[in-house]
Amino acid sequence: MTFILAIEASAEACSVALACGGQRYQRSFSQAKSHSMVILPMIDALFSEAGFAPVDLNAIAYDCGPGAFTGLRIGLSFAQGLAVGWNKPLIAISSLSSLAQATFKQRPDIFTLVTLLDARMGEVYVAVYERNEYSFFASQPPFICAYQNVATQLSHYAGVRSGLVGLGVREMPDIFKAQFGFVDECMNPDADALLDLAQLAWQQGAAIPVEQAELMYLRNSVTWEKHQPRRRREV
């Protein structure tokens with residue numbers, strides 16, 4: 001049986017989920033700027049409800065981004081701290097791929113999916129996914145796009161069997177959104193969908209040692225490098 005803990009803190013809401021063999025447990029909290037205060041209590045509640053100890057875990061999954069830098073750092077810091085304390089490996093999952101997982105799971109009629117997250121500064125994080133017979137894959141890996149360029153870069157993905165999801169959709173023109181068969185502008189990266197992908201990654205041998213954990217920060221790699229010394233001190 002697979003035992004995995006997933007931590008999601010990249011956007012407005014934060015959530016945690018736990019897979020214990022065939023059982024799943026989850027908690028979420030949507031108040032902004034509270035992630036660092038609620039993650040550990042939610043994790044404690046999951047283990048209490050599941051009735052087993054962290055020693056039984058196979059791995060801890062975290063959202064590697066893209067997303068809000070502060071939220072990503074919080075999620076990674078908790079994942080690293082717990083991984084060191086419990087001597088467990090980590091599994092990195094993209095926020096945009098977890099949006100795709102949640103959408104494809106609930107909408108079997110959607111075959112092409114554009115996932116968006118607000119990057120602020122007039123930009124969005126974007127990835128495009130295609131469903132095949134067995135799973136889905138990224139036909140356009142994550143990148144950053146200015147609002148004024150979205151229609152040009154993404155309109156050819158529109159259609160009745162295409163979807164447009166994520167918090168970044170809030171800023172898209174209504175005419176552009178209407179070109180897609182399914183639109184959800186309130187979808188937030190979620191630990192339950194992250195857990196689905198983490199279980200698959202575990203089966204494929206994609207777990208990593210805690211010292212190899214990284215974030216995907218598309219806007220400015222210099223900013224991430226500036227934080228590297230502090231990240232190592234916190235581990």
Side-chain angles (χ1 to χ4, degrees), residues 6-17 24-35 38-39 42 61-72 74-75 93-131 136 138 140 142-151 153-155 157-198 216 218:
I7 301 172
E8 168 55 66
S10 69
E12 294 180 358
C14 67
S15 56
V16 295
R24 296 170 75 105
Y25 306 87
Q26 53 189 305
R27 293 285 191 283
S28 64
F29 195 81
S30 59
Q31 184 174 327
K33 299 181 180 180
S34 61
H35 296 20
V38 301
I39 288 178
M42 290 196 298
Y62 72 98
D63 186 332
C64 64
F69 187 66
T70 299
L72 291 174
I74 290 172
I93 302 294
S94 163
S95 54
L96 294 172
S97 65
S98 68
L99 286 176
Q101 168 64 20
T103 305
F104 285 133
K105 192 173 181 178
Q106 73 179 63
R107 294 296 301 252
D109 58 317
I110 297 300
F111 288 86
T112 300
L113 183 67
V114 179
T115 57
L116 301 171
L117 285 173
D118 185 11
R120 303 189 179 181
M121 299 175 63
E123 296 174 319
V124 287
Y125 300 119
V126 186
V128 182
Y129 297 90
E130 305 283 346
R131 186 203 298 267
F136 65 89
Q140 178 62 261
F143 66 99
I144 197 163
C145 181
Y147 287 139
Q148 61 265 30
N149 298 330
V150 165
Q153 296 199 35
L154 301 178
S155 59
Y157 295 108
V160 294
R161 295 202 167 199
S162 298
L164 183 69
V165 303
L167 301 178
V169 181
R170 295 172 181 172
E171 305 298 331
M172 300 297 101
D174 290 337
I175 293 177
F176 181 53
K177 290 189 288 186
Q179 297 174 344
F180 286 81
F182 174 69
V183 176
D184 187 340
E185 62 186 40
C186 298
M187 184 173 286
N188 195 84
D190 177 80
D192 190 53
L194 191 152
L195 189 57
D196 286 336
L197 298 176
M216 181 190 306
L218 300 177

Asks: Which atoms form the tightest heavy-atom contact between Y129 and S94, and what is the distance?
Replies: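 Closest approach of Y129 to S94: OH-OG, 4.2 Å.
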
Asks: When rounded to the nearest 0.5 angstrom, what distance separates OG in S15 from CD1 in I39?
Replies: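 Interatomic distance, S15 OG to I39 CD1, rounded to 0.5 Å: 9.0 Å.
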
Asks: Do the side chains of T115 and T103 get nearer than 4.5 Å, heavy atoms only?
Replies: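 No, their side chains stay 4.5 Å or more apart.
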
Asks: Is there a side-chain contact between D63 and L72 in this structure, where contact means two heavy atoms from C-beta onward sitting under 4.5 Å apart?
Replies: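 Side-chain contact under 4.5 Å: yes.
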
Asks: Side-chain contact, heavy-atom cut-off 4.5 Å: E185 with K177?
Replies: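 Yes - at least one pair of side-chain heavy atoms lies under 4.5 Å apart.
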
Asks: From D184 CG over to R107 CZ, what is the distance, rounded to the nearest 0.5 angstrom?
Replies: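 So the CG of D184 and the CZ of R107 are separated by 9.5 Å.
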
Asks: For D118, enumerate each residue passing the side chain to side chain contact (heavy atoms under 4.5 Å, CB included) test, keeping only those at least two apart in sequence or located in another chain.
Replies: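 With neighbours one apart ignored, the set is R120, Y147.
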
Asks: What's the shortest heavy-atom distance between G166 and L99, and which atoms?
Replies: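 Closest heavy-atom pair between G166 and L99: CA-CD1, 4.1 Å.
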
Asks: Does any non-hydrogen side-chain atom of S10 lie less than 4.5 Å from one of P66?
Replies: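 In short, these two side chains do not touch, never coming nearer than 4.5 Å.
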
Asks: Relative to F111, does R131 satisfy both conditions: NZ or CZ under 6.0 angstrom from the six-membered ring centre, and within 45 degrees of the ring's axis?
Replies: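 Yes, R131 lies over the aromatic ring of F111.
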
Asks: Is there a side-chain contact (heavy atoms from CB on, under 4.5 Å) between V128 and Q153 once you walk through the steps?
Replies: CA-CA 11 Å; V128 182; Q153 296 199 35; over 6 Å; no

Asks: Checking R170 now: which residues fulfil side-chain hydrogen bond (donor to acceptor under 3.5 Å, both in side chains) with it, not counting sequence neighbours?
Replies: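 Only E12 meet the side-chain hydrogen bond (donor to acceptor under 3.5 Å, both in side chains) criterion with R170.
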
Asks: What is the minimum heavy-atom distance between E8 and S98, and which atoms define it?
Replies: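 Looks like OE1-OG, 4.5 Å.
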
Asks: Quick one: closest heavy-atom pair of I144 and A119, and the distance?
Replies: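 That closest heavy-atom pairing would be CD1-CB, 4.0 Å.
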
Asks: With a 4.5 Å cut-off on side-chain heavy atoms, are F182 and D109 touching?
Replies: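 Sidechains of F182 and D109: no contact.
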
Asks: Should V124 and M172 count as side-chain neighbours, where that means a heavy-atom distance under 4.5 Å?
Replies: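 Yes, close enough: below the 4.5 Å cut-off.
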
Asks: Under 4.5 Å between any side-chain heavy atoms of V169 and V114, yes or no?
Replies: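 A side-chain contact is absent here, since even the closest heavy-atom pair is not under 4.5 Å.
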
Asks: Which heavy-atom pair separates H35 from A9 by the least distance, and what is that distance?
Replies: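 Taking H35 first and A9 second, the nearest heavy atoms are CD2-O, 3.4 Å.
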
Asks: Where does the angle between the aromatic ring planes of F104 and F136 fall among parallel (under 30°), tilted (30 to 60°) and perpendicular (over 60°)?
Replies: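 Answer is tilted, since the angle falls between 30° and 60°.
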
Asks: On a heavy-atom basis, which atom in L96 and which in A127 lie closest, and how many Å separate them?
Replies: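 The pair with the smallest heavy-atom distance is CD1-CB, 3.7 Å.
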
Asks: Measuring from atom OH of Y62 to atom CD1 of I7, what distance do you get when rounded to the nearest 0.5 angstrom?
Replies: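 Between atom OH of Y62 and atom CD1 of I7 there are 11.0 Å.
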
Asks: With rounding to the nearest 0.5 Å, note down the distance linking CG in L116 to SG in C145.
Replies: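 That separation rounds to 8.5 Å.
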
Asks: Once you round to the nearest 0.5 Å, how far does CD of Q101 lie from CG of D192?
Replies: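 That separation rounds to 9.0 Å.
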
Asks: Would you indicate whether the side-chain heavy atoms of S155 and F176 approach each other to under 4.5 Å?
Replies: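 In short, these two side chains touch, coming nearer than 4.5 Å.
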
Asks: To the closest 0.5 Å, what do you measure between OG (S162) and CD1 (I110)?
Replies: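 Answer rounded to 0.5 Å: 6.5 Å.
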
